[in-house]
Amino acid sequence: MPQLSKMIAELKERFELSIKQGEPKLVPPAEETEKGLYYLSNLDQNIAVIVQTIYCFKSEDKGNDRAAEVIKEALAKVLVHYYPLAGRLTISPQGKLIVNCTGEGAVFVEAEADCEMEDIGDISMVDPLILGKLVCSIPGAKNILEIPPVVAQVTKFSCGGFILGLAMNHCMFDGLGAMEFVNSWAETARGLPLSVPPFIDRNLLKARNPPVISFPHHEFAEIEDISDASTLYQEEMLYRNFCFDTDKLEHLKRKAMEDGALSKCTTFEALSGYVWKSRTEALKLQSNQKTKLLFAVDGRSRFNPPLPKGYFGNGIVLTNALCNAGELTENPLSFAVGLVQKAVHMVTDEYMRSAIDYFEATRARPSLSSTLLITTWSRLSFHTTDFGWGEPIETGPVALPEKEVTLFLSHGKERKSINVLLGLPTSAMLKFQELMEI
């Protein structure tokens, strides 16, 4: 298979990025902050994973000499408002994650690269071997409790540009919360007041007593791998980016509605249904293999009453669709898109309260066996972050947190195109690429 040989050759011809890191330093809040234990809601508990992102900056008239100093000073100031981020995760007597607000601070590292920023190439092609060097890891950390909630690295390049690499714990905030934090940090660096101050109290999302579970919550269901996909995943993983411009997205929506089963659908619903259907086909799952789609819905406006502006925490809830692989691959696209629509409409105040109570009663974790988990970043304005060097020329993730995760990222100047980023075993990626040529 010449195409397969070409892909393996590409993997071997990777650019080697050499970076000299300084000693990691602690950056505590610039002023005395509240101490003690800080409550994390049940929506925070299930997504305690480290999310790594990078922001590339280059100003025509401003070098990178003071970049680390400015960003570090602003971090100390913004942590006064976001003081739980200066604490450390621990386990409560109830066996849940909680933050001990010690005021120790975030971790900050200065680094230098021996090349120009452009030498890295297209950062939208996730390559943890290269991009991972732009984010500081905590040596010797054995688990999530030993990694501070925020770790930052500023890497200066010979061209005058620099990259801010962040490793932040998802249990501290969802995408919107993280974006508001980073933009608040950038505003602080420019001497501006916070446009969206954080709403710190998470007790709004406490479980009911006694818990009331009014939905089946299949998002937690463990699915038996009768297709032996786990063996397939022992192959080398390939990561690919597929761009859906506005024409392609409109084509997908028309395709989803062409048989008359659906009267309307959103871009997200059409794209999610198509990716789920195509990935299932590419993995060659057995017809009677159960397969699950998970995706996060922003519950901020769906709660009753809605969560306050600037809510500092996870306001997202996982919803799900479940069916046999054969139903997905053999039915028209409208079938998959219809399941996505039902999953979106299922998310009401009662569904979210039920999910919170379900965790309270069971301590269950969402299972990712035979699952596709879609995370949507396309509506998040990370591209507006300005520390004083203008908006980033590029932003993106360093790696996908799990092999089952697919990311939707906004793309292009108008930000109306969507990049679909995922990893698959080599043989499955060949088939998936064919299916993406629409």
Side-chain angles (χ1 to χ4, degrees), residues 124-125 175 239-285 287 289-298 301-302 316 318-348 371-381 383 396 404-424 428-438:
S124 67
M125 290 302 298
Y239 294 91
R240 287 286 182 269
N241 218 332
F242 300 93
C243 182
F244 286 79
D245 59 21
T246 48
D247 289 344
K248 266 191 175 183
L249 293 170
E250 280 305 315
H251 172 72
L252 267 189
K253 285 166 77 172
R254 286 195 303 272
K255 191 175 171 66
M257 294 186 286
E258 67 187 2
D259 62 354
L262 303 173
S263 59
K264 60 178 181 179
C265 71
T266 65
T267 298
F268 171 79
E269 291 161 357
L271 187 56
S272 298
Y274 188 68
V275 170
W276 186 25
K277 179 179 165 74
S278 301
R279 181 178 176 273
T280 302
E281 194 174 326
L283 288 169
K284 295 181 179 169
L285 300 183
S287 184
Q289 170 74 60
K290 281 262 184 277
T291 175
K292 181 169 60 177
L293 174 68
L294 288 180
F295 58 92
V297 173
D298 184 3
S301 61
R302 292 173 184 242
I316 54 171
L318 284 179
T319 186
N320 69 90
L322 192 65
C323 70
N324 285 341
E327 291 179 285
L328 263 190
T329 56
E330 291 157 27
N331 275 304
L333 180 57
S334 59
F335 176 80
V337 176
L339 290 177
V340 177
Q341 281 188 347
K342 284 176 188 161
V344 172
H345 295 148
M346 189 161 61
V347 183
T348 59
T371 296
L372 167 62
L373 172 54
I374 292 177
T375 301
T376 307
W377 288 12
S378 51
R379 297 190 189 115
L380 301 175
S381 53
H383 60 282
E404 297 87 357
V405 173
T406 291
L407 266 181
F408 289 0
L409 300 150
S410 58
H411 181 69
K413 282 193 174 175
E414 304 279 309
R415 311 203 77 78
K416 288 181 179 172
S417 300
I418 295 177
N419 268 348
V420 174
L421 175 62
L422 80 164
L424 281 171
M429 184 60 87
L430 287 169
K431 177 63 178 171
F432 189 82
Q433 284 188 170
E434 285 173 24
L435 295 167
M436 290 297 103
E437 290 170 8
I438 57 168

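In this text, all values refer to a predicted model and were calculated from it rather than measured experimentally.
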What's the shortest heavy-atom distance between M436 and Y274, and which atoms?
-> CE-CE2, 3.4 Å
Minimum heavy-atom distance L252-L333, with the two atoms named | O-CD2, 3.9 Å
What heavy-atom pair brings L339 and C323 nearest, and what distance separates the two atoms?
-> CD1-SG, 3.9 Å
Taking all non-hydrogen atoms of both residues, which atom of K416 and which atom of L249 are closest, and how far apart?
-> O-CD1, 3.7 Å
Heavy-atom pair with the smallest gap, counting every atom of Y239 and G423 = CD2-CA, 3.6 Å
Apply the side-chain contact (heavy atoms from CB on, under 4.5 Å) test between F242 and each candidate in L421, T406, L422, N419; give the one that qualifies.
-> L422
Take atom NZ of K255 as the centre, draw a 6.0 Å sphere, and report whether it contains more than 12 heavy atoms from other residues, nucleotides or ligands.
-> no
Using atom types as modelled and distance alone, determine if a side-chain donor or acceptor of K277 lies under 3.5 Å from a backbone N or O of N331.
-> yes
May I ask you to decide if A343's main-chain N or O and T319's side chain share a donor-acceptor pair within less than 3.5 Å?
-> yes
Donor-acceptor contact below 3.5 Å, side chain K290 vs main chain N324 | no
Do you know which two heavy atoms are closest between G273 and A336, and how far apart they sit?
-> O-CB, 3.6 Å
Applying side chain to side chain contact (heavy atoms under 4.5 Å, CB included), run through F295 and V344 and close with a yes or a no.
-> CA-CA 9 Å; F295 58 92; V344 172; 3.7 Å; yes
Output yes when a side-chain donor or acceptor of Q341 lies under 3.5 Å from a complementary backbone atom of K264, and no otherwise.
-> yes
Judged by atom type as modelled, is there a donor-acceptor pair below 3.5 Å linking the side chain of K292 to the main-chain atoms of L322?
-> no
Does R240 use its side chain to pair, donor to acceptor, with the backbone of Q433 at less than 3.5 Å?
-> no
